[in-house]
K.L.:
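Just passing along the structure, written as structure tokens.
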Amino acid sequence: MGANSSSISELPENEYLQKLSGSESISENDPFWNQLLSFSFTTPTNSADLKLLEEATISVCKSLVEKNPRTGNLGSLIKVFLSRTKELKISAECQNHLFIWQAHNALFIICCLLKVFISRMSEEELQLHFTYEEKAGPSSYGTECEDLIEELLCCLIQLIVEIPLLYPCQHTDSNWWKWLCSWYRGRYSGGVTSALGDITYSISLEAVTTLIVFLSCQLFHKEILRESIIHRYLMHGRCLPYTSRLVKTLLYNFIRQERSPPPGTHVFQQQTDGGGLLYGIASGVATGLWTVFTLGGVGSKASAQLEQCSPLASQSLLLLLVLANLTDAPDIPNPYRQAIMSFKNTQDNTAFSSSNPHAFQINFNSLYTALCEQQKSDQATLLLYMLLHQNSNMRTYVLARTDIENLVLPILEILYHVEERNSHHVYMALIILLILTEDDGFNRSIHEVILKNITWYAERVLTEISLGSLLILVVIRTIQYNMTRTRDKYLHTNCLAALANMSAQFRSLHQYAAQRIISLFSLLSKKHNKVLEQATQSLRGSLGSNDSPLPDYHFWEMSDCLHFSETKLRHAQDLNVIEEVIRMMLEIINSCLTNSLHHNPNLVYALLYKRDLFEQFRTHPSFQDIMQNIDLVISFFSSRLEQAGAELSVERVLEIIKQGAVALPKDRLRKFPELKFKYVEEEQPEEFFIPYVWSLVYNSAVALYWNPRDIQLFTMDSG
């Protein structure tokens, strides 16, 4: 079989893998590593093959776990990888690129081993496997004991931030890369850009993937990790100075959305020399082992979908989300979150605060464009949420955009297709709208943006509608869906808060949007009557009489409530919740009438058309105050319509409303405090975000498979 295996199933019998996991210590200088790092096998094409690869790797890992305390072969493999990357960065005399291939393949094997090690042992045990010294031969690293975990983590970060994906060399100031470009330019004709870009793409992707694997210990703990060895390495010591560069690089990987190279395109074609061992190795790896990592699918993800996206962009975004949501260290806040909170636009020339050494600049226009284009994924929506919530520079920039519809429309489409979306994705989209509606300028501008033919809105043909009216329609639809399906109190609260924030700036509401506002109130009214009837029947049953009169629900005495069973108490609680929602809807309508009545004749029309709905709430103790203005408006315009005669056309009614809006004395409307709600994260937000982020990694990471039975952080239906 030599260095090659014809299929994944043969990997456990591969002589080089057997030697790696065997009882013999292998020095990092042994020629064995050149042979090991050149094997290939048939590329997996589906999740079943990836699972088979995992199972094959586990058998090697189990043997290595047992033998490594005596052989130190894991440490030797890591040192081989580190030596290849050191050559990659500083060797100006090297005249071949074998070390690039071998660095990638060594990293792939390390990643596979780490993934299984981490799933089967504690961080303390893992740390021990990094400290065993090999017994065979002198070490090129000297006699002192290196901290291999920190060395490896730092090397991975350096690979990500220092290897450019694109040729020519002006993308970097790195001297070694300029030399490498120059050398390849002189040695090869044609295809240099493609070949060199492909190989750096793959090694960058593998470095990002390995960092995710390093952090995946969280998957195997039910509780949130607040003290972690890996976290400590990333927040202190040699890794810390790279914080801003790593965050910036991951963001730019997301922005660029570079496609992965197709299988085999990264093989270098020699111009003059014969093929020899070097090119045989390159060809074998390109069509075999290497392709496993760049194009393999995970779980339910089809290979066709992966070919249409950028694995590096997707993986970089996942790593960024994981890093940003690490818990703070006892002595330092999470530096990756600090970097995300403080980066500025490249056009911003103001000085950085000395209190944040991790700040940097990035092109906001490019980032905004990428965010607009990628909102179909949970990850991109979560990134947008983080930036709007945590980075005031980015939030100010977004709110100042004159093409805000490019961002808002994808968010509305997420909410519209609520049945098809992850519940967390819907929640993040709604919170983004709530954050945006905190700004009065946003609330005004969205009514000035006119949209044509919204094809994904199926309830009604919308040939022309303002962005503001569409937003109202989608949020109301979300409320109605929640009332009949999920019944999530927080979803209701945030939907209503967004509408409340907008209400004072409602302008020229589309007639359908105005109708839906009143229709929602009608639905709530019917729900209220039904729950009130159930609560009344529960109390009557508790009192043991079907004939005795009952006091109004709002004047029930404590002695009445003592008769309640758990079911009856639930009816009372349901009634309280529905009345809170009705109160909020009345406040939203009132806010529009008192602040912009003359701008919204369609809302007044809908209010008059359904005026009977409001009768039962005029004397209700919970709504009397807020009903005063609504009742006044209904009475005022009803009187003017009666004076105009019967059988009026819709156009004539709207004309009377517009005239009456000018004539209505504004001082007759009672002033209420402005409706304003601000989004605030709950205490310990990591309890929500960390499981959410790792569920995204589990479901979306490229070419990573974890046994679902091993996952402890979340239940498998929560992802």
K.L.:
Might you point out which heavy atoms bring I160 and L246 nearest each other, and give the distance in Å?
P.N.:
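Residues I160 and L246, closest heavy atoms: CG2-CD1, 3.8 Å.
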K.L.:
Do Y692 and N325 have side-chain atoms, one donor and one acceptor, less than 3.5 Å apart?
P.N.:
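There is no such pair (donor and acceptor under 3.5 Å, judged by atom type) between the side chains of Y692 and N325.
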K.L.:
Strictly distance-based, threshold 3.5 Å: is any side-chain N or O of E123 a donor or acceptor partner for the main-chain N or O of I230?
P.N.:
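Pair found, side chain donor or acceptor close to backbone of I230.
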K.L.:
Show the numbers, then the answer: is there a salt bridge (Lys or Arg N to Asp or Glu O under 4.0 Å) between E150 and R238?
P.N.:
CA-CA 7 Å; E150 183 175 39; R238 297 174 57 189; 5.2 Å; no
K.L.:
If we count only N and O atoms by modelled type, under 3.5 Å, do the side chains of Q257 and S310 hold a donor and an acceptor together?
P.N.:
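Q257 vs S310: no donor-acceptor pair found between side chains.
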K.L.:
Side chains of Y201 and E258: is there a donor and an acceptor less than 3.5 Å apart?
P.N.:
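Distance-only check fails for Y201 and E258.
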K.L.:
Do K86 and E151 sit within salt-bridge range, that is, some charged N less than 4.0 Å from a carboxylate O?
P.N.:
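Yes, charged N to carboxylate O under 4.0 Å.
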K.L.:
Locate the shortest heavy-atom distance separating A339 from T243; write the atom from each residue and the value.
P.N.:
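So the two residues come closest at CB-CG2, 4.3 Å.
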K.L.:
Is the closest side-chain heavy-atom distance between R395 and L387 below 4.5 Å?
P.N.:
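They are not in contact (no side-chain heavy atoms under 4.5 Å apart), so the answer is no.
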K.L.:
Whether the side chain of H231 engages the backbone of E227 through a donor-acceptor N/O pair (distance < 3.5 Å, no angle test) should be reported.
P.N.:
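Answer holds: no.
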K.L.:
Who passes salt bridge (charged side-chain N to carboxylate O under 4.0 Å, His left out) against D403, sequence neighbours left out?
P.N.:
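If we apply the salt bridge (charged side-chain N to carboxylate O under 4.0 Å, His left out) test to D403, skipping adjacent residues, the hits are R401.
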K.L.:
Could you walk me through whether Q379 and L318 pass the side-chain contact (heavy atoms from CB on, under 4.5 Å) test, one step at a time?
P.N.:
CA-CA 7 Å; Q379 300 92 283; L318 289 171; 3.5 Å; yes
K.L.:
Looking only at heavy atoms, what is the nearest atom pair of A370 and F254, with distance?
P.N.:
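Scanning both residues, the minimum pair turns out to be CB-CE2, 3.8 Å.
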K.L.:
Verify, without hydrogens or angle tests, whether N345 (side chain) and N363 (backbone) share a donor-acceptor contact under 3.5 angstrom.
P.N.:
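A pair under 3.5 Å: no.
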K.L.:
Can you list every salt bridge (charged side-chain N to carboxylate O under 4.0 Å, His left out) pair that touches residues 331-349, not counting sequence neighbours?
P.N.:
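Listed by first then second residue: D328-R337.
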K.L.:
With sequence neighbours excluded, give me every ring-ring contact (aromatic ring centres under 6.0 Å, His included) pair touching residues 322-347.
P.N.:
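Matches after skipping sequence neighbours: F343-F360, F343-F364.
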K.L.:
In terms of side-chain heavy atoms, does E125 have a donor or acceptor partner in S122 at a distance below 3.5 Å?
P.N.:
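Short answer, yes.
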K.L.:
Once ring-ring contact (aromatic ring centres under 6.0 Å, His included) is applied, do any residues pair with F689, and if so which ones, sequence neighbours excluded?
P.N.:
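ring-ring contact (aromatic ring centres under 6.0 Å, His included) check on F689 returns Y385.
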K.L.:
Strictly distance-based, threshold 3.5 Å: is any side-chain N or O of S377 a donor or acceptor partner for the main-chain N or O of Q374?
P.N.:
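Yes, because the side chain of S377 sits within donor-acceptor range (under 3.5 Å) of the backbone of Q374.
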K.L.:
Keeping the roles fixed (side chain from S314, backbone from P311), state whether a donor-acceptor pair exists under 3.5 Å.
P.N.:
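Judged by distance alone, no pair lies under 3.5 Å.
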K.L.:
Might you point out which heavy atoms bring T327 and M235 nearest each other, and give the distance in Å?
P.N.:
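Shortest heavy-atom separation between T327 and M235 comes out as O-CE, 3.1 Å.
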K.L.:
How far apart are the closest heavy atoms of T437 and L434, and which atoms are they?
P.N.:
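Shortest heavy-atom separation between T437 and L434 comes out as OG1-O, 2.9 Å.
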K.L.:
Would you compute the distance between atom CD1 of I432 and atom CD1 of I411 and round it to the nearest 0.5 angstrom?
P.N.:
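Result: 4.0 Å between the selected atoms.
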K.L.:
Can you list the residues that meet the ring-ring contact (aromatic ring centres under 6.0 Å, His included) rule with Y490, with sequence neighbours excluded?
P.N.:
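For Y490, no residue satisfies ring-ring contact (aromatic ring centres under 6.0 Å, His included) once neighbours in sequence are set aside.
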K.L.:
Does the side chain of E28 pick up a donor-acceptor pair with the side chain of S83 at under 3.5 Å?
P.N.:
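Distance-only check fails for E28 and S83.
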K.L.:
Is the backbone of V80 close enough, under 3.5 Å, to the side chain of Q102 for a donor and an acceptor to pair up by distance?
P.N.:
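Side chain of Q102 to backbone of V80: no pair is present.
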K.L.:
Could you tell me whether the side chain of H236 and the main chain of R232 form a donor-acceptor pair under 3.5 Å?
P.N.:
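Indeed, once roles are kept as given, a pair shorter than 3.5 Å links the two residues.
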K.L.:
Where is the tightest heavy-atom contact between Q375 and L371, given as atom of each residue plus distance?
P.N.:
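Closest approach of Q375 to L371, heavy atoms only: NE2-O, 2.9 Å.
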K.L.:
May I ask you to decide if L250's main-chain N or O and S316's side chain share a donor-acceptor pair within less than 3.5 Å?
P.N.:
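Answer holds: no.
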K.L.:
Examine distances only and state if a side-chain atom of N253 and a backbone atom of L312 form a donor-acceptor pair shorter than 3.5 Å.
P.N.:
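Absent.
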K.L.:
Which pairs, with at least one residue in residues 683-693 and sequence neighbours excluded, count as a salt bridge (charged side-chain N to carboxylate O under 4.0 Å, His left out)?
P.N.:
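As it turns out, the salt bridge (charged side-chain N to carboxylate O under 4.0 Å, His left out) pairs with a partner in residues 683-693, which skip direct neighbours, are R226-E686, R226-E687.
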K.L.:
Ignoring hydrogens and angles, state whether a donor on the side chain of Y233 or D147 is under 3.5 Å from an acceptor on the partner side chain.
P.N.:
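Short answer, yes.
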K.L.:
Quick check on E223: does its CD atom have over 12 non-hydrogen neighbours (other residues, nucleotides or ligands) under 6.0 Å away?
P.N.:
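Yes - once you tally the heavy atoms of other residues, nucleotides and ligands closer than 6.0 Å, there are more than 12.
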K.L.:
Output, in order, the C-alpha distance, side-chain angles, deciding distance and verdict of side-chain contact (heavy atoms from CB on, under 4.5 Å) for L148 and T131.
P.N.:
CA-CA 7 Å; L148 278 185; T131 59; over 6 Å; no
K.L.:
Do E405 side-chain atoms and L467 backbone N/O form a donor-acceptor pair below 3.5 Å?
P.N.:
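A pair under 3.5 Å: no.
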K.L.:
Can you tell me how far the CD1 atom of I431 sits from the CG atom of L388, to the nearest 0.5 Å?
P.N.:
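Separation between the atoms: 11.5 Å.
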